[in-house]
Structures are given as C-alpha cells and as structure tokens.
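Here the structure is laid out as structure tokens; the discussion comes afterwards.
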Amino acid sequence: MESNDQFSKQVKSGTNTQENKKRYETLMDKVCLMAGVVTGILQFESTYGFLAFLITYLLTAILYVIGICGGHPELFYENIISDLLFDNFIRELMGFIMAWTFSFALIG
C-alpha cells in the first residue's frame, strides 16, 4: 500500500520551478518599481511609503497565488512561503525605495 502512495505523488521539475521563480521575480520587479513611482508622485513620506510597499507586495503575492496559480501554489513551487514572500523581499524593497525617492525628488 505504501508503494502506491509513493508513486502517486506529483514530481516537480527543477527547471520549471526555476522558470516559475524567474517569472514571479520579473512580475514583482515591475509592480514594485511602478508602486514606488506612484508613491513618489503622491509624495508619501516615511511610514506611509513603507506601508504602501508592504500593501503592494502582499497584495501582489495574494493576487498571484489566486490568479496565476489558481489557488494552488504548491503545484508550482517547492517552498511556497520562502519562494513567494521572503526570497526577493530585500531586492523588491530596494527597487521600490529607488523609484520612490527618484520620483519624489522629481515632483517635489
């Protein structure tokens, strides 16, 4: 009985998992840069700017899981929480801050 359970598990391809991570990273890059520009144009400062980042980051991750993954990210990623939330957090934060401060300086 145990051997049937062993073979019934779905096998994930490492290549496909890496491709999914790249696509998610590209999406988050674009969204966070645009959110940074909008935050700068709206002249948000301090806590409100970082709150805008967190809301954008989490909302995009949730919409990605629901819309793109069909509510089942475990089919596309090996470690869901790490892959979708933590791996690129600092990268996206730095891009957001760069776009935010640049557009804030241009408008202000």
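Just so you know, these numbers use all the heavy atoms, side chains as well, and skip hydrogens, waters and symmetry mates.
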message: Are there over 12 heavy-atom neighbours, none belonging to M34, within less than 6.0 Å of that residue's CE?
response: no

query: Around F89, counting heavy atoms of other residues, nucleotides and ligands shown, do more than 12 lie under 6.0 Å from its CZ?
result: yes

query: Are E19 and R23 ion-paired here, with the side-chain N under 4.0 Å from a carboxylate O?
result: yes

- prompt: About how many Å separate OG1 of T39 and CG of L51, when rounded to the nearest 0.5 Å?
  reply: 10.5 Å

Least distance between heavy atoms, [X] atom then [Y] atom:
| X | Y | result |
| --- | --- | --- |
| Y24 | L84 | OH-O, 2.8 Å |
| E78 | T17 | OE2-OG1, 4.1 Å |
| E25 | E92 | O-OE2, 3.9 Å |

- prompt: N88 versus M28: any side-chain heavy-atom pair under 4.5 Å?
  reply: no

- prompt: Taking side chain as C-beta onward, heavy atoms only, is L93 less than 4.5 Å from F50?
  reply: yes

message: Assigning hydrophobic clusters by single linkage (Ile, Leu, Val, Met, Phe, Trp, Tyr; side-chain heavy-atom cutoff under 4.5 Å), is F96 placed with L33?
response: no

Taking only distance into account, with no hydrogens and no angle test, what donor-acceptor pairs under 3.5 Å do side-chain atoms of residues 52-73 form with protein atoms, sequence neighbours excluded?
from	atom 1	to	atom 2	distance (Å)
T56	OG1	A52	O	2.7
Y57	OH	L85	O	2.7
T60	OG1	T56	O	2.7
Y64	OH	Y77	OH	2.7
H72	ND1	E74	OE2	3.2

- prompt: Can you list the residues that meet the side chain to side chain contact (heavy atoms under 4.5 Å, CB included) rule with S82, with sequence neighbours excluded?
  reply: N79, D87

N/O donor-acceptor pairs under 3.5 Å from side chains in residues 97-108, not counting sequence neighbours:
from	atom 1	to	atom 2	distance (Å)
W100	NE1	F44	O	3.0
T101	OG1	I97	O	2.9
T101	OG1	M98	O	3.2
S103	OG	V37	O	3.2
S103	OG	A99	O	2.9
S103	OG	W100	O	3.3

